[in-house]
Each structure stands twice: as C-alpha cells, then as structure tokens.
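Report on one structure; see the data block that follows.
Residue numbers begin at 1 in each chain, while the letters A, B, ... track the order of the sequences. Worth saying up front: this structure is predicted, and the values here are computed from it rather than measured.
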Amino acid sequence: MTSIVEFAHALGHYNFLQSALMAAIMVGITSGIIGSFIILRGMSLMGDALSHSVLPGVVVAYMLGINIMIGATVFGVVVAVLIGFVAAHSKLKNDTSIGVVFSAFFALGYILISMAQSSTNLHHILFGNVLAVSDSDLIDTFIVLAVVIIFVLAFFKELQITSFDNTFAKSYGLNTSVVHYGLMIVLTLVTVSALQTVGIILVVAMLITPAATAFLWTNRLGHMLFISSSFGAVASFIGLYLSYTMNWASGPAIVMVAAIIFLISFVIAPKQGFLAKLGVKNDKKA
Amino acid sequence: MLKVDDLTVAYDNVPVFTDLSVHFAKGKITGIIGPNGAGKSTLIKGALGLVRHTGKATLDGAAVTHVRKKIAYVEQRAALDLTFPISVFEVVLTGTYGKLGLFKSPGHKEKELANDALKQVNLSEFKNRQIGELSGGQLQRVFVARAIVQQADVVILDEPFVGIDVKSENEIMNVLRGWRDSGKSIIVVHHDLNKVAAYFDDLLIMNHGIIAHGPVETVYTKENVSHAFSADLSAVLFNQNTEAK
C-alpha cells in the first residue's frame, strides 16, 4: 500500500490526480451542503430517485452532443414534477410514487445506453471513475460548487423555514413550490457533478451519510452544513487515497470512508450518539 | 375585519362544508368549536388558502392572498419535526421572515423583536435550547412568541391549548387578551368546552357548516352545543361557575 508521503508525492507530479482530488473534495462539499437539506426535509428517497433518474438525461445529452448537465437537469426536473403529480393525483403515497417513477427512468436510461452503442463505460457511470476527471469536468464541478454556495447563502432562511415548518412558510406567503423545485434543480446539478466521482448508484450515499453524521454532532443548521461538507470533503480525500493506492473504484472507496465516519460518530457523538444515550439510560437507572 | 364568503372545501370530492360565510370582528377573541372533523381547522386553512377551495377570504377588503403578512397563523404542533437543528430563538426569529422578504437576513432590529417576544412569554432563559428540549407548554409559547414578532393584525391559533400545562395556558391567554385589547382579531380553534365562556368574546359553533355565530353570551347555549355535538352536554357544561374573562 502506498504511504501518505508517496501519495503526496504522486499528487505533486500527476495532473490527473490533482484534478481527481479537487473534483472529489468539491463534490464532497456540495453534496454535504445539499444533502443536509435533503435529510432534514425527509427526502432521502427523493435524492436516491433523482440520482437514478438523471441517467436517461445523461445519455440523451451524450447522443445530442450537448453538456450532460443540461440533459440531466431537464430529466431531473421532469422526474421531480412527475413524482409530485402522481402523488397528488392518485391515492398513492409519495414514496410509492417515487419508486414507480425513478425505476422507470433508470430502466429507460439503461436501454438508451445500449441503443446509443456509445463507448461510455456504464460501470464508470454507475460507480464513478474520479481518476478520469477531465479539465471540463473540473470546471463543471466548480460551477456547481459555486451555484450551491450562492443558492444556500441567498435562500438560507427560505430553505430553513420550508424544511422546518412548510405550512408556516406558506401562511406568510412564501411560494414553497418554487423553493422545492429550486432545491430539486440544485440537487440534480449536484448529482450530475458527483457522477464522475462516486457514480449514480452511490450519489445518494454522499448526499445522506455526511449530512446524517453532521446531524449527530450539532443542533444548529449552519453548523450542520459546515460539518456535513467537511465530513464530505474528508471522506472524499481519504477515499481517493484508498482508491489510488488499493486500485479500488473511487465511488465505493469514498462512500465506505463516509460510512466509517458515520459509524464512529454514531458511537461517540456527544449529543445524540450511542454512548451519550447509554449514559442517559444509566443516569436514569441510578 | 377578516371576512370569508361562500367558502367551499372538499377532500377527495367529499365536501367538508359548502358556501360558508363568516366574519371575524376586530378587538375580539373568537373561539371556533365543534366536534372532531367538523371542519374547524379546514375553515382556517381554506381562509388562508392553504388547501384547495372555492370562495374568497378578505382582510379589510383585500384578498387574504395579497395581505398574508398581516395574518399570523399558529398551526397545531403535531406536524413539526422537533429534532430539527434549530434553537428556540431561531424559531421565533422566523416570524420576521415574511416582512423581510427575499435576500435579507434578520438584523439587529429583528433580533431585538425576537428577544422581546421571548421575554413576553417568559422563555428568555430557554432561547438557546434546541426546540425539541422544551415541554409541550413551553413549545406552544415559542410559537406564540413567533406570532408576536409577526406583528400581524389577525392572529389565528389552531388548538393552542392541547397537551399544555396550566401556567403556559394562562400565559398564552394573557398574550391573546393583550392583542385583543390592542384591536387585533384573534381566532382560536378550540376543543375544551369548559373554557369557552371564560376565554372568548365571540363564538363560532361548527359542524360541517355554521350552527351558530355571535357573542358567547348569546350563542353558547345548550341547544346550539347539543345540536353541534349531537349529544346533550348540558349536565356537564352549563351547571358550573365559569371563570371571569
């Protein structure tokens, strides 16, 4: 196994590794920030659905020769609207509607890939290949990072109140649907930017695991966004190191590190961790 | 004056009430009572445009949808996620969001309003607590404090006294009476019939429509209550002394 020193040396010499590291860290930050809102709104399944549903958008964009961000965003918004429409116009619950719509779109994406007979490596789309990040991918990822930060800074109070108390937000006249679909568009952008690093299958893990970990450490939303994005970045860094040195796929390596950070936090987090709860139980018994 | 005209709300094509018209006077606390499923909360949500409806609601002649910032709404607490990472102070501060508009963060003035409101409901010492660390009564006072910072002309509370302690109930009633005396319209969806005479000036008795509406002294009768609840509650309700308003 390559040592950290050797990894640092390689980082200094290989452009592809520098690009990979920058992309992975930026994706860790963006998914950590947006993932926090996704879990607080009880939309983890929606995150999973959108990440799978953008596959046909990616393929169509590839076939038409346009930026995959555009294709994916169009499909992401269509899926978000369709899920809401099916849930609102039938007796089905939202999670059932999500299951029906996203699996159909994922299947469509898979069929389109085989029809396109592209050289696109399906395995890389599904599980990521951060070591093949191009300069244009890096620029796209940076743009998504900037969009996410501006979006959250500009609409922090709207995102906060619609996540905490949507009815109150409606009652004072906030258009909560615009906030919802705005978040869905940004979530789609984050998903696409994460395709290269962790792949479609595991995007949801980068959205949920660092945010869930941060939730265990703090009772403040602002702190949660910071901690979540930090955990996302750390998981990306260590995961990339493991991917490079052990020759693992980058997606699973990053997600495993994120899961280990969650596991440690689950045990030791002072406010809501397993040990803290155990302590409370013992106090009650005493 | 908050006025509702010809309001119809239906869930799954089953009407909760049809062509309901009612008005809520300024400087009065109006209670809305009726059995479960009578449409009390639905009337509020329909008037505020929070559920699909036909008919219209106006405040001093302007459509409610255009003057929402003049109405504060304290919803039933059950719907909220109390593990949400937000402090008591931050919840109260959200009451300033409506008037702030987009792209503006709460500043010194808004924070002062939130601090004052917390003082009014005696919760200043809890301001940094996470919202889930409060008792039911304290939590309800937090949402009343949020309504205070909204500085609205009309305040609507849906079942504010469910599951709370007597101290909190009294403190909330004091705030409501203060609002009433300053000329605001206060509307309270309520379930405890024993407190009706003590708490409200006007009363709206509902059961899928209006059974009676007017001053409590006139409307709160055995006949109206029995009609609304389809039961004779006179032995329980009308043979006891009631507290003064």
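Counting only distance, with no hydrogens or angles, the side chain of Lys170(A) and the backbone of Gly49(B) share no donor-acceptor pair below 3.5 Å. Judged by distance alone, the side chain of Lys157(A) and the main-chain N or O of Leu100(B) form no donor-acceptor pair under 3.5 Å.
Partners of Phe103(B) according to the ring-ring contact (aromatic ring centres under 6.0 Å, His included) rule, which considers only residues two or more places apart in sequence or in another chain, are Phe155(A).
In this structure, CD1 in Ile86(B) is found 11.0 Å from CG in Asn219(A), a value given to the nearest 0.5 Å. The distance from the CG atom of Leu80(B) to the OG1 atom of Thr167(A) is 8.0 Å, given to the nearest 0.5 Å. One finds the OH atom of Tyr172(A) at 11.5 Å from the CZ atom of Arg68(B) (value rounded to the nearest 0.5 Å).
At a 4.5 Å heavy-atom cutoff, Val64(B) makes no contact with chain A through either its backbone or its side chain. With a 4.5 angstrom heavy-atom cutoff, Thr83(B) touches chain A via backbone and side-chain atoms both.
Looking only at side-chain heavy atoms (C-beta outward), Leu40(A) and Phe84(B) come within less than 4.5 Å of each other. Counting heavy atoms from C-beta outward, Asp165(A) and Glu75(B) have side chains that approach closer than 4.5 Å. When side chains are defined from C-beta on, Arg220(A) does not count as touching Pro85(B), because their heavy atoms never get closer than 4.5 Å.
For residues 40-52 of chain B, the pairs satisfying side chain to side chain donor-acceptor pair (under 3.5 Å) are Tyr11(B)-Thr42(B), Ser41(B)-Asp158(B), with sequence neighbours left out.
Tyr97(B) and Gln160(A) share a side-chain donor-acceptor pair at under 3.5 Å.
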For the pair Phe164(A) and Glu90(B), evaluate side chain to side chain contact (heavy atoms under 4.5 Å, CB included) and give the outcome as yes or no after the intermediate values. CA-CA 11 Å; Phe164(A) 174 60; Glu90(B) 288 169 326; over 6 Å; no

